[in-house]
2 protein chains.
Amino acid sequence: MNANRPGLRELKKRRTRTAISEAAIELFLDHGFNQVSVARVAEAAEVSKRTLFAYFPAKEDLVVHRLADHETELARVVRARPSGTDPLTAVRDNFLRGLRERDPFTGLNDHPQTLRLLRMILDAPQLVARMERFKAGAERALTEALRDTADAPELTARLAAVQIVAVHWALADDNARRLAHGESADARREGAAADAEHAFALLENGLRTIGSTGQGHRSTTR
Amino acid sequence: MNANRPGLRELKKRRTRTAISEAAIELFLDHGFNQVSVARVAEAAEVSKRTLFAYFPAKEDLVVHRLADHETELARVVRARPSGTDPLTAVRDNFLRGLRERDPFTGLNDHPQTLRLLRMILDAPQLVARMERFKAGAERALTEALRDTADAPELTARLAAVQIVAVHWALADDNARRLAHGESADARREGAAADAEHAFALLENGLRTIGSTGQGHRSTTR
DNA sequence: GAATATTTCTGCACCTGGTATACATTTGCC
DNA sequence: GGCAAATGTATACCAGGTGCAGAAATATTC
């Protein structure tokens with residue numbers, strides 16, 4: 001009954017939506033997120049401000065709606081894992097594959113366009129904050145995936161989820177910031193993989209090894 | 001030269017600041033965060049809107065400035081731990097102590113005033129988002145503490161920090177939401193302690209045990 | 001294919017958070 | 001008491017976002 005077949009109405013809606021989004025991103029990339037008002041975006045997209053807000057509930061959504069898929073990515077990976085594989089392995093393998101393929105969600109993609117977008121986001125605190133909210137969504141989705149497929153009780157699932165998401169995010173964030181500061185993806189490649197291995201090993205084996213003062217794997221003598 | 005001795009100026013400043021904050025919190029508690037404009041707060045505090053913003057850079061700060069100390073609490077606990085104790089143990093012990101003492105940062109404080117504040121925050125998405133940013137600050141501070149006191153390399157410190165903060169937060173959040181939904185702190189007490197033990201054990205031992213399909217501690221047979 | 005119902009778009013007025021400017025007041029200090 | 005620096009105020013303004021009433025476009029029914 002709803003959007004089964006395109007239909008002229010649906011078609012125009014989709015067209016308008018992408019028009020607004022593209023106009024917005026172009027302006028934001030050129031002048032910076034905070035330097036462009038939504039009124040100007042609306043004008044560029046030849047739409048009224050009111051209509052713009054009908055499509056995108058807030059200014060930040062003009063940017064982040066593109067990344068919305070990634071919110072549930074981890075959950076999907078966990079759900080789709082081959083049986084017999086534990087969730088953590090599935091996530092790790094997926095991340096390493098992402099690194100090899102320069103998947104943007106690993107932070108290791110330095111195509112100029114991706115890089116510009118990244119810098120634009122990092123320059124706008126509101127956008128960074130909005131990205132943070134993605135973490136919460138990812139945590140929720142992953143919690144459910146773990147609860148459903150790993151036979152873990154609610155709390156365990158949730159705790160595992162927040163840990164995995166936090167580490168995953170930290171890795172991607174680290175890569176992204178390095179690239180944004182000029183490092184090349186090729187140069188970063190090996191380091192990123194090693195870091196990821198290290199990170200997932202830590203996640204798997206726990207923080208037991210993290211230093212009681214003067215007792216770590218490489219202790220200071222004080 | 002600056003705030004060494006109170007001095008009339010400093011004194012008035014502090015007085016104004018608390019006056020604004022108290023007026024704000026009272027109004028927010030009574031009518032809800034989003035139902036009260038900053039103009040109304042300024043009026044109630046007998047200050048101009050501009051002055052209000054001189055003291056609190058954003059509306060949310062009128063509420064969250066009180067919680068600002070907790071941002072570095074984990075880092076402080078880690079830094080202040082007795083030598084020979086590993087950071088994770090220090091954090092766990094501190095959390096368990098917090099539970100016993102109903103320290104609000106564990107989420108297990110149901111004094112009516114705390115509860116009202118909590119509900120008010122949970123009802124205002126902007127405030128929740130603002131709290132999220134505390135996590136980022138806590139992560140940064142804890143990263144440094146671990147780097148400095150646990151002889152961990154930067155990345156390891158960061159990874160451990162984000163895991164610890166995530167779990168810590170999840171525990172507190174869980175407690176807080178239960179209380180906000182009517183559970184009593186006394187009733188929640190034991191469960192909270194058990195959950196915390198479980199959570200820190202997981203953190204310590206890693207996610208190795210979390211279910212490859214059909215292989216967990218309590219496997220489903222599908 | 002015309003009439004009608006429904007959805008979408010628009011223009012406008014309006015609210016709120018936050019800032020710039022220019023001026024008045026207070027405080028610290030001599 | 002008098003002067004410089006710091007604070008406070010009033011006012012006007014900007015930008016994000018919403019409510020509303022009606023115009024325009026699309027879907028539907030006969």
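Below, chain A is the first sequence line, B the second, and so on; all start at residue 1.
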### Query
Taking atom types as they are modelled, is there a donor-acceptor pair under 3.5 Å from the base of dG18(C) to the side chain of K49(B)?
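When only heavy-atom distances are counted, K49(B) does reach the base of dG18(C) through a donor-acceptor pair under 3.5 Å.
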### Message
Check this for me: does the side-chain of R40(A) come within 3.5 Å of the base of dA15(D) through a donor and an acceptor?
### Response
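In this structure, the two groups form no donor-acceptor pair.
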Whole-Å distance between [N] [atom2] and [X] [atom1]?
| X | N | atom1 | atom2 | value |
| --- | --- | --- | --- | --- |
| R15(A) | dC9(C) | CZ | P | 13 Å |
| E43(B) | dG8(D) | CD | P | 18 Å |
| R14(B) | dT7(D) | CZ | C1' | 16 Å |
| K59(B) | dG18(C) | NZ | P | 8 Å |
| L11(A) | dT7(C) | CG | P | 19 Å |
| Q126(A) | dA15(D) | CD | P | 13 Å |
| F33(A) | dG16(D) | CZ | C1' | 10 Å |
| Q35(A) | dA15(D) | CD | P | 11 Å |

### Task
Look only at the side chain of R81(B) and the backbone of T149(B), and say whether a donor-acceptor pair between them is shorter than 3.5 Å.
yes
### Query
Given that N34(A) and R50(A) both sit by DNA chain D, which one's nearest nucleotide is further toward the 5' end?
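Between the two, 5'-proximity favours N34(A).
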Under 4.0 Å between any heavy atoms, over every strand shown, what does [X] touch: base, sugar-phosphate, or nothing? Just pick one.
| X | result |
| --- | --- |
| K12(A) | sugar-phosphate |
| V36(B) | sugar-phosphate |
| F56(A) | nothing |
| A58(B) | sugar-phosphate |

Side chain of [X] only, heavy atoms from C-beta on: which candidate in [options] is closest?
| X | options | result |
| --- | --- | --- |
| S48(A) | dT10(C), dG17(D), dT7(D) | dT10(C) |
| K13(B) | dT8(C), dG17(C), dT7(D) | dT7(D) |
| F53(B) | dG18(C), dT18(D), dG16(D) | dG18(C) |

### Message
Below the 4.0 Å mark, does dT7(D) have OP1 or OP2 next to a side-chain nitrogen or oxygen of Y55(B)?
### Response
no
#### Entry: Side-chain N,O (T51(B)) to OP1/OP2 (dG8(D)) below 4.0 Å
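For dG8(D), OP1/OP2 do not have a side-chain N/O of T51(B) under 4.0 Å.
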### Message
Is there a side-chain contact between P153(A) and L155(A) in this structure, where contact means two heavy atoms from C-beta onward sitting under 4.5 Å apart?
### Response
no
### Query
Do the side chains of E132(B) and K135(A) get nearer than 4.5 Å, heavy atoms only?
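Not in contact.
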### Query
Between R116(B) and D30(B), is a salt bridge (Lys or Arg N to Asp or Glu O under 4.0 Å) present by the stated rule, with each step listed?
CA-CA 9 Å; R116(B) 280 181 80 201; D30(B) 286 352; 3.1 Å; yes
### Message
Would you say the ring centers of H168(A) and F95(A) fall short of 6.0 Å from each other?
### Response
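Yes.
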